[in-house]
Amino acid sequence: IMLHSTLALSLLLIAVSSNLAMAIKKEKRAPQTLSRGWGDEVTWVQTYEEGLYQAKKSNKPLMVIHHLEDCQYCQALKKAFAENEEVQEMAQNNFVMLNLMHETTDKNLSPDGQYVPRIMFVDPSLTVRADITGRYSNRLYTYEPQDIPFLIENMKKALRLIQTEL
């Protein structure tokens with residue numbers, strides 16, 4: 001009987017510890033704060049400088065999303081961006097990703113003003129691609145939720161430019 005209860009107890013301990021290990025693993029996979037809701041599976045850099053460094057190092061374009069927490073247009077775009085599988089997949093695999101709630105000192109990132117939401121691309125040679133624009137002539141780098149297919153085209157364009165130019 002002693003052996004039987006020892007076995008039962010050790011099985012119980014194994015079960016508890018493996019559940020605990022799973023709980024800890026799940027804990028680690030908590031949404032990373034850097035995503036700010038733009039996509040928790042995407043790896044986000046923290047600063048523009050880090051983004052430039054990673055773009056150069058990995059030979060991937062940097063995508064910079066300027067937004068503000070209390071901007072309804074940003075919230076709407078964020079939701080569409082986070083829910084689109086193709087955007088998320090490309091963001092995760094083909095781009096260095098940065099979302100900012102403040103302006104950088106790089107004036108090249110605000111060629112036509114400091115409005116939000118604003119999405120700009122920087123190629124691995126660290127050139128801001130002012131030629132990759134959205135659909136609106138008054139705010140060249142803004143996108144609305146219904147513009148996600150257009151944004152996808154621009155992401156593909158940013159990737160093509162690297163292959164042809166660098």
Side-chain angles (χ1 to χ4, degrees), residues 27-166:
E27 199 59 38
K28 275 208 181 101
R29 207 59 201 110
Q32 45 163 312
T33 49
L34 290 178
S35 87
R36 300 187 181 94
W38 289 89
D40 292 334
E41 297 303 312
V42 175
T43 306
W44 298 88
V45 293
Q46 196 158 1
T47 63
Y48 183 52
E49 293 67 29
E50 185 191 346
L52 293 174
Y53 173 77
Q54 291 294 345
K56 201 174 178 69
K57 198 175 89 165
S58 65
N59 199 34
K60 291 177 179 178
L62 168 64
M63 183 172 176
V64 184
I65 305 170
H66 285 93
H67 64 106
L68 289 169
E69 214 43 68
D70 56 2
C71 154
Q72 66 187 37
Y73 304 103
C74 300
Q75 293 297 350
L77 181 62
K78 179 194 295 192
K79 188 176 187 314
F81 188 96
E83 288 172 359
N84 186 289
E85 277 180 39
E86 192 175 357
V87 166
Q88 291 292 308
E89 198 262 332
M90 277 200 292
Q92 176 64 352
N93 298 316
N94 308 108
F95 287 85
V96 175
M97 296 296 296
L98 172 66
N99 70 76
L100 287 177
M101 296 200 296
H102 57 82
E103 288 297 332
T104 67
T105 51
D106 188 344
K107 294 290 171 265
N108 296 316
L109 285 181
S110 51
D112 65 340
Q114 298 192 337
Y115 52 85
V116 290
R118 189 169 85 248
I119 299 179
M120 300 209 61
F121 296 92
V122 184
D123 70 30
S125 73
L126 309 188
T127 305
V128 175
R129 299 306 309 220
D131 53 343
I132 304 181
T133 56
R135 300 190 326 161
Y136 308 99
S137 55
N138 59 335
R139 293 186 163 196
L140 292 176
Y141 308 98
T142 202
Y143 296 83
E144 292 186 356
Q146 67 271 21
D147 301 331
I148 290 290
F150 200 80
L151 177 61
I152 289 171
E153 282 314 301
N154 277 347
M155 290 171 84
K156 290 178 177 167
K157 184 176 176 183
L159 292 169
R160 272 198 311 275
L161 286 171
I162 292 179
Q163 277 131 27
T164 56
E165 291 183 6
L166 301 180

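Computation of the quantities below employed the complete heavy-atom set of this structure, encompassing side-chain atoms and omitting hydrogens, waters and symmetry-equivalent molecules. Note that the numbering runs from 1 along the sequence shown for the chain.
Checking side-chain atoms of Gln75 against main-chain N and O of Glu69 turns up a donor-acceptor pair under 3.5 Å. A donor-acceptor contact shorter than 3.5 Å is absent between the side chain of Glu41 and the backbone of Gln92. At least one donor-acceptor pair closer than 3.5 Å links the side chain of Trp44 to the backbone N or O of Gly39. Using modelled atom types, no side-chain atom of Asn154 and backbone atom of Leu151 make a donor-acceptor pair closer than 3.5 Å. Formation of a donor-acceptor pair under 3.5 Å by the Tyr141 side chain with backbone atoms of Tyr115 is not found in this model. Distance alone, capped at 3.5 Å, is enough to place a donor-acceptor pair between the Lys60 side chain and the Asn93 backbone. Here the side chain of Thr127 pairs no donor or acceptor atom with the backbone of Asp123 at under 3.5 angstrom. Using modelled atom types, no side-chain atom of Asn84 and backbone atom of Ala80 make a donor-acceptor pair closer than 3.5 Å. Judged by distance alone, with hydrogens and angles left aside, the side-chain atoms of Asn108 form no donor-acceptor pair with the main-chain N or O of Val128 at under 3.5 Å.
Separation of atoms CD1 (Ile162) and OG (Ser125) is listed at 9.0 Å; rounding is to 0.5 Å. For the atom pair OG1 (Thr142) and CG (Leu77), the distance works out to 7.0 Å, reported to the nearest 0.5 Å. Between the CE atom of Met90 and the NZ atom of Lys156 there is a distance of 5.5 Å, given to the nearest 0.5 Å. Taking NE2 of His67 as the start and NZ of Lys78 as the end, the distance is 5.5 Å to the nearest 0.5 Å. One distance of note links CG of Leu62 with CE of Met97; it measures 8.5 Å at 0.5 Å rounding. In this structure, the separation between CD1 on Ile119 and CD1 on Ile132 is 11.5 Å, given to the nearest 0.5 Å.
Every residue two or more places apart in sequence or in another chain was checked for a salt bridge (Lys or Arg N to Asp or Glu O under 4.0 Å) with Glu50, and none qualifies. Judged as a salt bridge (Lys or Arg N to Asp or Glu O under 4.0 Å), and not counting sequence neighbours, Lys157 has no contacts.
Look at Arg135 and Glu153 and you find no salt bridge, because none of the NZ, NE, NH1 or NH2 atoms lies under 4.0 Å from a carboxylate O. Arg118 has a carboxylate O that lies under 4.0 Å from a charged side-chain N of Glu103, or vice versa, which qualifies the two as a salt bridge.
Gly37 and Ala82 get closest at one heavy-atom pair: O-CB, 3.4 Å. Scanning both residues, Asn99 and Ser35, for their nearest heavy atoms gives ND2-O, 3.3 Å.
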**Criterion side chain to side chain contact (heavy atoms under 4.5 Å, CB included) on Val116 and Tyr73, from CA distance to verdict** = CA-CA 8 Å; Val116 290; Tyr73 304 103; over 6 Å; no
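Between Trp38 and Phe81, the angle of the ring planes goes over 60°, which puts this pair in the perpendicular group of the 30/60° scheme.
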